[in-house]
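To start, the structure itself, in structure tokens.
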Amino acid sequence: MWRRVASLSPMISSSSSSSRSLALNQTASGLKLGESFATHMINPEERASPLKEKAPFITFVLGGPGSGKGTQCEKIVETFGLQHLSAGDLLRREIAMNTKNGATILNLIKDGKIVPSEVTVKLIQKELESSNSSKFLIDGFPRTEENRAAFERIIRADPDVVLFFDCPEEEMVTRVLNRNQGRIDDNITTMKKRLKIFNALNRPVIDYYKSKGKLYTINAVGTVDDIFQHVLPIFNSFEQFKESRHVNPKSTISSSLVETSS
Ligand SMILES: Nc1ncnc2c1ncn2[C@@H]1O[C@H](COP(=O)(O)OP(=O)(O)OP(=O)(O)O)[C@@H](O)[C@H]1O
Ligand SMILES: O=c1ccn([C@@H]2O[C@H](COP(=O)(O)O)[C@@H](O)[C@H]2O)c(=O)[nH]1
Ligand SMILES: [Mg+2]
């Protein structure tokens, strides 16, 4: 179950506060970047989120850059029908759409830095609220403890499951440099920064969820299918996925699982 952390759900306030955060972020530097926003004021008059009624099943998908999060999410979607929300993709869409935050986001991603929580959480919130799905994979978020706190504060919820794809750095570097998807951050200079930020800011988030008993650590070395074999039992262990397993006719794995579990 998705545990509610409070009864009211304030929205992120105005776009002007969003711009203010971005401006602040531009002046901040180093690995504590996101922490500049920890004191963002939430207007108590802000409305409750429609998510309060939905209570969806949320999975956070964590791991270093190139660990295979997106690749495994595709397989989870195929087999279990969750909706995939990649925080990085949402940010890249802002760049592609040339929104008011687009240029700033581009500069941060180019440098491997973390976009202010307020911006990322607002994008995630919009997707969650407009979706008909009741089960989500949030990929590549939260990146920092401040991201995590912002999600709890704004969305008013905790994840049910946190997956951590554990991959050696050399393997992540090889994968990223061979990705060939034209990403601005797929180069050795940015990759070194991303790894540094992952170790400094994302690992504490992983440790936090471990301490809460929500973390599933998956060895992310091996073939895509081998790794997915470690993911399958995690979702199979949740009753709602046994019942509502999404059957993709193209997927032999999902078809055979449905047969054996009925
Ligand atoms: N098990 C694997 N073995 C070899 N290559 C893989 C494996 N899993 C994924 N890849 C490849 O590695 C690259 C990175 O994978 P993917 O995009 O899924 O990682 P990611 O964790 O989402 O990275 P990022 O955080 O940068 O978005 C892709 O080109 C993908 O095809
Ligand atoms: O929550 C997030 C997610 C991503 N970013 C920025 O985007 C890039 C790429 O993210 P991927 O998940 O690897 O696609 C990341 O390096 C950050 O710069 C973010 O700030 N916050
Ligand atoms: Mg990805």
Side-chain angles (χ1 to χ4, degrees), residues 21-22 25-26 28 31 33-37 60-77 84-96 101-102 104-125 127 137-151 154-155 159 163-202 205 218-231:
S21 291
L22 280 167
N25 194 50
Q26 291 291 59
L31 299 182
L33 190 75
E35 289 167 13
S36 317
F37 306 98
F60 284 159
V61 182
L62 303 180
S67 58
K69 300 181 293 298
T71 304
Q72 292 298 322
C73 281
E74 277 180 29
K75 294 191 72 72
I76 298 167
V77 169
H84 180 204
L85 300 178
S86 157
D89 285 351
L90 293 176
L91 294 168
R92 283 184 285 273
R93 192 174 69 187
E94 292 295 292
I95 298 170
N101 292 333
T104 306
I105 293 171
L106 173 65
N107 285 330
L108 292 169
I109 288 183
K110 223 193 275 181
D111 218 11
K113 287 181 178 163
I114 305 302
V115 173
S117 298
E118 186 183 335
V119 172
T120 313
V121 174
K122 201 169 176 176
L123 293 172
I124 293 171
Q125 183 181 37
E127 297 298 312
L137 287 171
I138 302 187
D139 164 6
F141 180 93
R143 284 311 234 252
T144 66
E145 278 287 87
E146 198 274 336
N147 269 180
R148 180 180 69 71
F151 186 89
I154 294 161
I155 311 287
L163 305 181
F164 166 43
F165 289 98
D166 192 11
C167 194
E169 289 199 355
E170 317 82 74
E171 177 67 18
M172 293 194 277
V173 171
T174 303
R175 289 182 189 177
V176 161
L177 297 184
N178 288 315
R179 181 155 43 189
N180 277 331
Q181 288 176 1
R183 276 178 52 164
I184 191 100
D185 51 351
D186 280 355
N187 59 75
I188 191 62
T189 309
T190 310
M191 185 57 181
K192 282 183 182 163
K193 293 178 184 172
R194 296 181 70 201
L195 287 169
K196 201 171 164 194
I197 286 177
F198 169 72
N199 286 318
L201 300 183
N202 206 202
V205 178
I218 296 145
N219 178 3
V221 181
T223 68
V224 170
D225 286 340
D226 284 345
I227 295 162
F228 188 59
Q229 289 305 312
H230 299 300
V231 174

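Counting starts at 1 for both ligands and their atoms, following the listed order. Computed from a predicted structure; not experimentally measured.
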What part of Leu91 sits under 4.0 Å from ligand 2 if we count only heavy atoms: the side chain, the backbone, both or neither? side chain

Report the part of Val115 in contact with ligand 2, treating N, CA, C, O as backbone and CB onward as side chain, heavy atoms under 4.0 Å; options are side chain, backbone, both, neither. both

Where on Arg92 is there a heavy atom closer than 4.0 Å to ligand 2, on the side chain, on the backbone, on both, or on neither? side chain

Per-atom filter on ligand 2: closer than 4.0 angstrom to a heavy atom of Thr120 are 1 (O)

Ranked by distance from atom 20 (P) of ligand 1, the top protein heavy atom is Lys69 N, 3.5 Å

Contact check, Arg183 vs ligand 1, heavy-atom distance below 4.0 Å: yes

Answer whether the closest heavy-atom distance between the side chains of Phe228 and Thr223 falls below 4.5 Å. no

So is there a nitrogen or oxygen of Arg92 less than 3.5 Å from a nitrogen or oxygen in ligand 1? no

Atom indices of ligand 2 within 4.0 angstrom of Gly140 heavy atoms, with elements: 1 (O), 2 (C), 3 (C)

For Ile109, counting its heavy atoms only, list the atoms of ligand 2 lying under 4.0 Å from any of them. 6 (C), 7 (O), 8 (C), 18 (O)

Pro65 touching ligand 1 at heavy-atom level, < 4.0 angstrom: yes

Looking only at distances, please establish whether an N/O atom of ligand 2 is found under 3.5 Å from an N/O atom of Asp89. no

Nearest option to atom 12 (O) of ligand 2, as decided by whichever heavy atom of Arg143, Lys69, Arg194 sits closest: Arg143

Going by heavy atoms, is Gly64 under 4.0 Å from ligand 1? yes

Nearest non-hydrogen atom to atom 9 (C) of ligand 2 belongs to which of Lys110, Arg183, Lys113, Lys193? Arg183

At a 4.0 Å threshold, what atoms of ligand 2 neighbour a non-hydrogen atom of Ile114? 20 (O)

Quick one: nearest non-hydrogen protein atom to atom 10 (N) of ligand 1, plus distance? Arg175 CD, 4.0 Å

So is Glu171 polar-close to ligand 1, meaning N/O to N/O under 3.5 Å? no

Is Gly70 in polar range of ligand 1, meaning some N or O pair under 3.5 Å apart? yes

I need the contact type for Asp185 against ligand 2. Using non-hydrogen atoms and a strict under-4.0 Å cut-off, is it side chain, backbone, both or neither? side chain

For ligand 2, which atoms have a heavy atom of Ala87 less than 4.0 angstrom away? 1 (O), 2 (C), 3 (C)

Mind checking whether Gly66 has a heavy atom under 4.0 Å from ligand 1? yes

Please classify the Met191 to ligand 2 contact at 4.0 Å (heavy-atom distances, strictly less than): side chain, backbone, both or neither. neither

Going by distance only, is there an N or O of Asp139 that falls short of 3.5 Å from an N or O of ligand 1? no

Would you please classify the geometry between the Phe60 ring and the Phe141 ring as parallel, tilted or perpendicular, with 30° and 60° separating the classes? perpendicular

Are Glu94 and Lys122 close enough for a salt bridge, meaning some N to O gap below 4.0 Å? no

Nearest non-hydrogen atom to atom 26 (O) of ligand 1 belongs to which of Lys75, Gln72, Arg179? Arg179

Using distance alone, determine whether Thr71 and ligand 1 share an N or O pair under 3.5 Å. yes

Enumerate the atoms of ligand 1 whose separation from the nearest heavy atom of Thr223 is less than 4.0 angstrom. 1 (N)

With heavy-atom distances below 4.0 Å as the criterion, list the atoms of ligand 2 near Phe141. 1 (O)

Which of the numbered atoms in ligand 1 are under 4.0 angstrom from any heavy atom belonging to Ile227? 1 (N)

Please report which non-hydrogen protein atom sits nearest to atom 19 (O) of ligand 1, along with the residue it belongs to and the distance in Å to one decimal place. Gly68 N, 3.2 Å

In ligand 1, the atoms that come under 4.0 Å of a heavy atom of Arg194 are 24 (P), 25 (O), 26 (O)

So, are Glu171 and Arg175 salt-bridged, with charged N and O less than 4.0 Å apart? yes

When distances are taken from atom 1 (N) of ligand 1, the protein heavy atom at minimum range is Gly222 O, 2.8 Å

